[in-house]
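Residue numbers start from 1 in every chain, and the chains themselves are labelled A, B, ... in the order their sequence lines are given, proteins ahead of strands. What you are looking at is a predicted structure, and each value in this text was computed from that prediction instead of being measured.
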Amino acid sequence: MSQMLQVSVPLFLVYLALTGNADPANLVVGALVAVGISLLRPKMNLPLLNLKRLPQFLWAGIRYLFVVAGDVIRGGISTARIVLDPNLPLNPGIIAIPSGTRSELGTALSAHSISLSPGEMVVAIDDEGVMYTHCLNVDDSEKMVADAQNLRKNLLSRMFE
Amino acid sequence: METILQILALFLIALGTLLSLIGVIGFIRMPDVYTRLHATGKVSVFGLVFLLLAASILTPLTIWKALLLIFFVLAASPTVSHAISSAAYRAGIPIVGKRDDLKGKMEVGKEKDG
Amino acid sequence: MQDFLLTLPLLLLGAGTLTALVFSRSGWTASRLGWLLSLFPLTSFLLVLYAFSLVPSGKALTFSLPWIPALGLDFSLYLDGLSALFALLITGIGTLVVIYAGQYFGDDASAWRFHAYTLLFMLAMLGLVLAGDLITLFLFWEGTSISSFLLIAYKFKDEAARKGAFKSLFITGGGGIAMLAGFLFVISITGGADFKTVLASGGVLRASPLYPVLFTLIAFGAFTKSAQFPAHIWLPEAMTAPTPASAFLHSATMVKAGVYLLARLNPALGQTDLWFWTLSIVGLTTMLVGAYLGFKQNDLKPLLAYSTISQLGVLVALIGQDTEIAFKALVISILAHALYKSALFMSAGIIDHETGTRDIRKLGGLRKQMPVMFGIMGVAALSMAGLPPLFGFLAKETLLASATHPSLPPIVDSLFPLTTVIAGALLLAQAGLAIWGVFLGKPADEKHPPHGHDPNFAFWLAPAVPALLSLLIGLTPVEPQFLVHFLADAAKAAYGDKVKISLALWTGINVPLILSLVAVTLGSLVFWQRGRIRPWMMNFLPNLTANALFDGTMSGVDWLSRTATRLQGGRLRVYIRIMLLSAMALVVLFNGMPAGVSIPALNWNIEGLNGLRMFSLVMLTASAVVSTVLRRDLYAVIALGITGLGVAVWMALEPSPDVALVQLMVDILSTVILILSLSLIPRRLRDRANELLHSRRGMLRDALLAGLAGLVVAGLAFTALNTRPRESVVSPFYAENAKPLTGAKDIVGAIVVDFRGADTLMEILVFSLAGLGIYTLLHYATRKTGEHPHEEPERQLKPNSPRGIFNLPTSPMLHTLAYIMLPLAFMLGITHMMYGHDQPGDGFTAGVIISLAIAQWYMLFGYYETRRKLAWLNRNNMIVAGLTLAALNALGGAVFGGGFFSPVDYGEMLNLPLPPGFYLTNSFLFEVSIALSVMGAATLILDNLGHPREEDIEAEADLAALEEKS
Amino acid sequence: MKSLLDITIWIVLIAHLLMALVAAWRVWRGENSVSRLAGLDLASTLTIAILVIISIIRANIIYIDVAIAAAALSYISTIALAKYISDHRVF
Amino acid sequence: MNTWLLLLPLLIPFAGVPLTLALRKRRRIQSALALGLMLAALGFTLGLLRAVLTTDQPVSVQMGLWQAPFGITLTADPLGVFMALMSQIVLTAGLIYSLGSTEKVVQYPTYYPLFLALATGLTGAFLTGDLFNLFVFAEIIVISGAVLTAIADDAYGVEAAYKYFYISTLASVFFLLGIGSLYVSYGTLNLADLAARIASTPSAPLTMAGIAFLTATFLIKSAAFPFHFWQPDFHAAAPTPVSAMLSSLVVKVGVYGFLRMTTLLFAEQADLLKTLLVVVGVAGVLYGGFGAAGTHNVKRMLAYSTLAQIGFILVGIGWGTPLSLAAALVFTFNHALIKAAMLMLAGAMASRAAVKSASFEVVVGVGKYHPFAGVLFLLGGMALAGIPPLNGFISKLMIFWSGVESANYAALAIIGVASIVTLTYVIRSFIRIWFEANPKAKEKAGDRLLAPALLVFLSLLLGVWAEPLVSLSQWAAAWLGDPALYIAAILR
Amino acid sequence: MNLLTSLAIGTLFAAGIYQILRRNVIRAAIGLVLLSNAVNLFLFSAGAYNGAAAAYSNAAGQISDPLPQALVLTAIVISMGGFAFVLSLLYVISTRYKTSDSDEVKGLKN
Ligand code: NA
Ligand code: NA
């Protein structure tokens, strides 16, 4: 049930975004479509979240978004500086960053947000959740990414435990 | 109000294009595949994101739909760069730079040209 | 009423044939069957006789049945003196032959086949002479060719029989075609096919400028059938037929078909110089050649065959004449020859049957062992030699009489008698050879004399009858009036005017008699000196035969055939080059490149989005060209992807967002499946075939060809762009009516699913077929031959090694993306279906989007895991559902909307509270069905191209069942 | 103001097309398959952007609908290519 | 009523595709259903013929009731219904043969769906009144034919399909170029409307280009020399029942196209085209005849022979007289029956050979144990060679006659000489299979002979009782003679 | 502009033909895609004057001719299906004939 909701509710929102009208009939149809699709979903190992922790989940999620946004902007600026600098001050390399979790989703989200920010890009991930990340500038990435990762990690752990 | 929005849009578009340009310049200047992927995979994507925001102002496009599209792009593009870079590494394309924690952790292809 | 009488003889023979077939399983011996079957020709003989007795002299009995009224063609019969003569010979000798064949094959129970063929042939032959119009005649004419083919090939196990049969069919068949053409000319001139009309319009025919053509064609047909030089070559080889067949075909009947035709048409086509010269020259040549070659033979049957050829030459030459006496000679010779030649053939068969050989060198001195046969064959031979008091003598006399007719033009008046005398002499010598060689002389080696004795009565009865007749007709003191009138009628029909017939042997001392004496003495000399002459003849130009002509033709045909098939060399590229060039040649031929391609028509205004169009055009053209010069297929594929994007942008600028969307989807899909096939076909194979990596031969040529084609198309497009109207004829209708009639803002969408829904219906069928086809090819057709064995499940990465896109499992990042995107793709697709009528996207894009999301699963999770996780994915059933729904939906239009495919708004009908902008119409259902079938097909395509080696559960079960069956 | 906006947008569009050409050029002259692939990826991103810009110019969101589908799927061919490059098999 | 008579012959096979696919697990029911549907379709086609005959008016349906030229028109004019009837008869025979076939391919779940799809394509191609719709139906024929050939038991099926598909793609390209050229010139796709507009403005800038490309298209479709290269391979390698359909029906789509071009669309401009058709036809008669005499495989021989026979038909169309058109139609119909029968017999013999192959050195002497097949083959061969009393004779008679009447002596002479070649290869192959001895040949069961027997019987019947077919084709030819009638009937 | 467009279409067509004539069957397959693209573009230019607005009933001003667009949609789908089928044929050929050189695929001749 909750699995189904976790799939169908976002889908319902997507439906609304796509059709873009809040007519009650449309809500009904959208709900039906969303549920219908969620019936086709493969069995997934989504971490269960029980509804009474929903506000906490959302709050953590929003903060998570801001963290990521911060990283992105920071990375964007630094990358822009590198690119536009006439003598291209690069110090590229691949560093290993442990995600601190073994759950697929957790690792995936961390890796995603790391890769999202310009300047870092996860090349490979091993079963321990270690993310081998390619950086434009190894030195400043190393520490920054490291503590950013800690922040992410405990936010994620608050979202789903 | 109208004007303010339009100015905002104008700003967004300019920013977006700027980012895309940076992306492309990086794409041209960067020394190897991996570094180049930073440019294409991300920067130009953010260019697109800003364009979409502008579009949601200047056209009947609802912000929700714009956000959906943005979500698609942002979900996909880092993953794609991850895929490409891992493919490059697997194929045995060497990286520029001294540090490589991944070295020796996985078997890589012989041919230098994937 | 009496007309129907004419059909009876034919029906009887048909019944006879069927009877033979009916008795095929009965196990009756040939002789028993022969007696039974002989009743059919006998009866029809009597019927013909009766029918003829009803014909008032000089008139004809006719029967006609409309056959193809649309073409004015009838099936008609016609009995007059001439046809009666032949009809009686056919049925009469036919009766004897059937009995004789019965004896010949003795208790061989499988000879029913021979009887059937004989009666079939008899039917055809009788029909030929009874035919009342040209087309009917032709029907039976071909019938004789085929049935005689069967008779000659009766002993098909020996190669000679097969060759002989084929040769006779080839030659007579070829003649038949020519003759048909000739007949058609006649018909188109006279306006009718029946003999009444044709014979009445001789004047028109002879006057027609086409007369030479049609005469040549018809004469050619007749000559081939009647074995005239040089087409005579098939006759000796046809001797491979069983002797009864030879006796029938080559004495009385088939070879006389040509003679009959010429005689029949003489009143219409004859009495011209062309007619006279052609027939005289061909006939006399044949007469000489036949007589000459006959004297060379040692085998009885060929010997007789050549004498037949010679006789046929005589007959043809006689028809060529324009004199009463010639036609008297004609009818008498026909009768005489039929009698003695059938007797001789049948006797030869008996000799062969009793002694086991027909070679006159092995034979000899049989007169004591076979007195009866000696008698029969002796009489017949004397008649052939033209000696009194036999009927043959009379024939020769009349022949000489017409050969010395005063009306003959110079040269001919000396050549005709001369050749006749020589031929007569040689024929006499041949007759002598036969008799002496078989009965009187000694066999070549004394130690092994031939053994044999007279057969039983039934066997020698058949030859005895005609032999006896030729004796009686000669000896009879008083002319049998019946016979005289009969022959007179026949001659009249052929000559077109009264012919006086007398059968008196003694007509006083006259030129013919003297010439006849000369011939006899000469012949006796030749026979006496045969020991000297024949060896000399054997050595003189031994291989001077017209066979060279036939063989030459055949090898010519073979050479042409080999050349023709060599053009089909097997190389697709050659084919395509030829076709492409021919097509361009067509464009030039039809002057398809209009003058519109002229520089003044240029306009350089870069208004609106043209600048961007230019960019997109540059982008797509550049990448297209690049894709041809890039060495690695992978690079070419990537470049192709860019081309696709460029095309999409161009389409978006056109502006046509719908097409741009589909173009994008299809570009992605085709890139994916191209990559799939790159991974399926080993790179070394591809590089070996890649000219860019080694030989550059032919690339320039192809470039030129491609450039030419490109120029043509560019010219076409340029003209189109410059001459296209501002407004199409039909499109405004769509623009106005899309919204009101179909409720669709998207006009293109409206056309696709409503105005031209039938196209789309068939289009999804095509797409589904492609999917099903790939599935069947890769999981059935190639599996049964075990071409690609199953593979073990995907290679796994060893635990705790870093993961990315490579191998399996792929990295968590990618997994998550796959998980997220699949339901989103579903949602996107569904909105395309629901709102496609107002926005880009439709059932097709929906289907492709979902299938691509699934393809992504295959990539990231692998085949087995995907099939396990997406258990609901049954491609075939999706196609079933889609196509069924589509058909039902179209029917729904008929049920609720008044017309097949008519738009119906079910939502309105059931007044459901539907969200604004979404209509539950049959257009929507159509979109759904499109999506379903496309989804099924696209998944089949991706899945099977991606996993030709993995097991498909359904297919495996089926194949297992198949194996059990066989 | 409006005209300024128009001009900007036109410039932006030209810029994007030029960038697309750069990407195409990279596909032609990339030092290895992956950089060509990156070129394709960039080109498809830019294509989406161009669609968005067209919809701004035409003030018509149907081009966005095209863009959405493109955004949701265009990466799939990239992934396929990447997988092929990495270990010469896709599925 | 008539509407349904027109719709069902097309709709039934179409619906048959999903239905038989749904029944793919129960092969018996599946095949029975396929045959049943085909028979039903045939019945409705006969009804349609009756309707058109009695009213002497084309039956036409506007899909979705959108009036012409805006919607898609289905039209059963005399020519259309004539061709459709021909197809349905032969297709039914093909299904009957499939039921009795020993080939593996007929056991595959998708065989009958694909066969019915082929039926859909053929019927639709002859019944549609819209140029682009014709293109789509042609594509259905291409894809279903290619698939059925690719999955054949014959190991060369894939190669044949591959070559066929590429060449057909070339045809599709030409077709679309032609359609585009005509659309830009006349702005419409409905055949009747198009014909009317072409008649009123005969020389638009791209008219001739349109003619050229459509000509190229139909030359490929009808496998006329030198656009024939796909045909011998394709028809020889396909599964027997399929090759029978391909060689007898599929090439007729091109013939149909030329009939429409010369008598409807470009009735005014067609002179050059007609001359071209005569030339191409004569070339085909010669090339096909000699190819058939020279090739090494019975099925290939028959395929080449199709090339020649199509040549005769094209010559008839090119002469363009009422009689020659009727002759071409009669020839088309009769050839469909004969060629299907002959290919089935060849396949049946191949299935009885030691190794399953139709090449001469394998099937030589196989006929020994199958005299009945021999009788059928001889009769069929006679029909092919135009020997009475079989229907082939009527075809030949009418073609020659029309040649004589229209005074085209040169072409007539050549095809006359060439038609002796037909007799040659037919008899030779008969001799090889039934008369020559072959120690390897064993008594062996194979594909059933019912279908070819039926077809041969039909050929015999249509030879002896030729009036119906001849008058039918004359009726159709008369309609072809007056395009205005057709146009009026559709655009009324 | 017309000249440029038609030249582009011609070039695309030529590239397609050239690729179809390559011995490497994969290149020939790529040729199929290029050809169908070229033909589709030609069909576009066969449409009536291309307007400034997409063919939507609520569009303002001259719309582009919708019919050729519909035709192109159908043509795209059809050629897509065919293209996929060809690829499967190529795979089987490569396993059966152990080659991807179209000149070596000549088991059927004469
Ligand atoms: Na749409
Ligand atoms: Na195609």
Side-chain angles (χ1 to χ4, degrees), chain B residues 2-3 6-7 9-10 13-14 16-17 20-21 23-25 27-28 32-34 36-37 39-41 44-45 47-48 51-52 54-62 65-66 68-73 75-77 79-91 93 109 111-114, chain D residues 1-2 4-5 8-9 11-13 15-16 18-20 22-23 25-26 30-39 41-46 48-50 52-53 55-61 63-65 67-76 78-88:
Chain B
E2 181 66 19
T3 346
Q6 288 204 343
I7 293 170
L10 197 55
I13 293 170
T17 315
S20 303
L21 273 174
V24 174
I25 295 168
F27 181 65
I28 300 171
D32 74 341
V33 181
Y34 303 88
R36 208 175 286 133
L37 278 170
T40 62
S44 52
V45 164
L48 174 55
L51 279 176
L52 275 164
S56 68
I57 295 171
L58 297 171
T59 68
L61 170 68
T62 60
K65 213 168 189 174
L68 180 63
L69 185 43
I70 291 173
F71 171 78
F72 279 145
V73 178
S77 71
T79 322
V80 170
S81 354
H82 159 65
I84 298 180
S85 56
S86 68
Y89 198 92
R90 163 73 166 187
I93 297 174
E111 54 179 320
K112 291 283 151 286
D113 164 9
Chain D
M1 186 61 225
K2 188 103 188 72
L4 174 61
L5 189 60
T8 332
I9 291 171
I11 296 167
V12 169
L13 190 42
H16 276 80
L18 283 171
M19 293 191 269
V22 170
W25 169 78
R26 174 60 78 180
E31 79 270 35
N32 58 38
S33 52
V34 178
S35 63
R36 293 169 200 260
L37 175 54
D41 184 38
L42 178 57
S44 49
T45 314
L46 290 169
I48 300 170
I50 290 169
V52 174
I53 296 166
S55 83
I56 295 178
I57 291 173
R58 291 267 167 87
N60 186 346
I61 67 165
Y63 301 94
I64 302 269
D65 291 318
I68 290 181
L73 296 176
S74 60
Y75 71 90
I76 288 179
T78 318
I79 291 187
L81 283 159
K83 196 156 170 49
Y84 174 72
I85 290 170
S86 62
D87 48 14
H88 293 288

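- Top candidate by heavy-atom pairs under 4.5 Å with chain D, chosen from Ser77(B), Ser81(B), Ala66(B), Ala55(B), is Ala55(B).
- When Ser20(B), Ala76(B), Ala54(B), Ala14(B) are compared by the number of non-hydrogen pairs under 4.5 Å with chain D, Ser20(B) comes out ahead.
- Counting heavy-atom pairs under 4.5 Å between each of Ile56(D), Thr78(D), Val22(D), Asp65(D) and chain B puts Ile56(D) at the top.
- Under the salt bridge (Lys or Arg N to Asp or Glu O under 4.0 Å) criterion, Arg36(D) pairs with no residue, sequence neighbours left out.
- Neither the backbone nor the side chain of Ile57(B) comes within less than 4.5 Å of any heavy atom of chain D.
- Between Leu61(B) and Leu69(B), the closest side-chain pair of non-hydrogen atoms is not below 4.5 Å.
- Both the backbone and the side chain of Ala38(D) come within contact range of chain B, judged by heavy atoms closer than 4.5 Å.
- Side-chain atoms of His16(D) and Thr17(B), non-hydrogen and from C-beta on, do get closer than 4.5 Å to each other.
- When Leu51(B), Leu52(B), Leu68(B), Asp32(B) are compared by the number of non-hydrogen pairs under 4.5 Å with chain D, Leu51(B) comes out ahead.
- In this structure, chain D has heavy atoms under 4.5 Å from both the backbone and the side chain of Ile84(B).
- For Ile11(D), no part sits under 4.5 Å from any heavy atom of chain B, backbone or side chain.
- Note that CD1 of Ile48(D) is 11.0 Å distant from CD1 of Ile64(D), once rounded to the nearest 0.5 Å.
- Contacts between Ile53(D) and chain B at a heavy-atom distance below 4.5 Å involve the side chain alone, from C-beta outward.
- Qualifying side-chain hydrogen bond (donor to acceptor under 3.5 Å, both in side chains) partners for Tyr34(B), counting only residues two or more places apart in sequence or in other chains: none.
- Note on Leu46(D), Val52(D), Leu18(D): by heavy-atom pairs under 4.5 Å with chain B, the leading option is Val52(D).
- With contacts defined as side-chain heavy-atom distances shorter than 4.5 Å, the pair Thr59(B)/Asn60(D) does not qualify.
- With Asn32(D) contributing its side chain and Ser35(D) its backbone, the two residues share a donor-acceptor pair below 3.5 Å.
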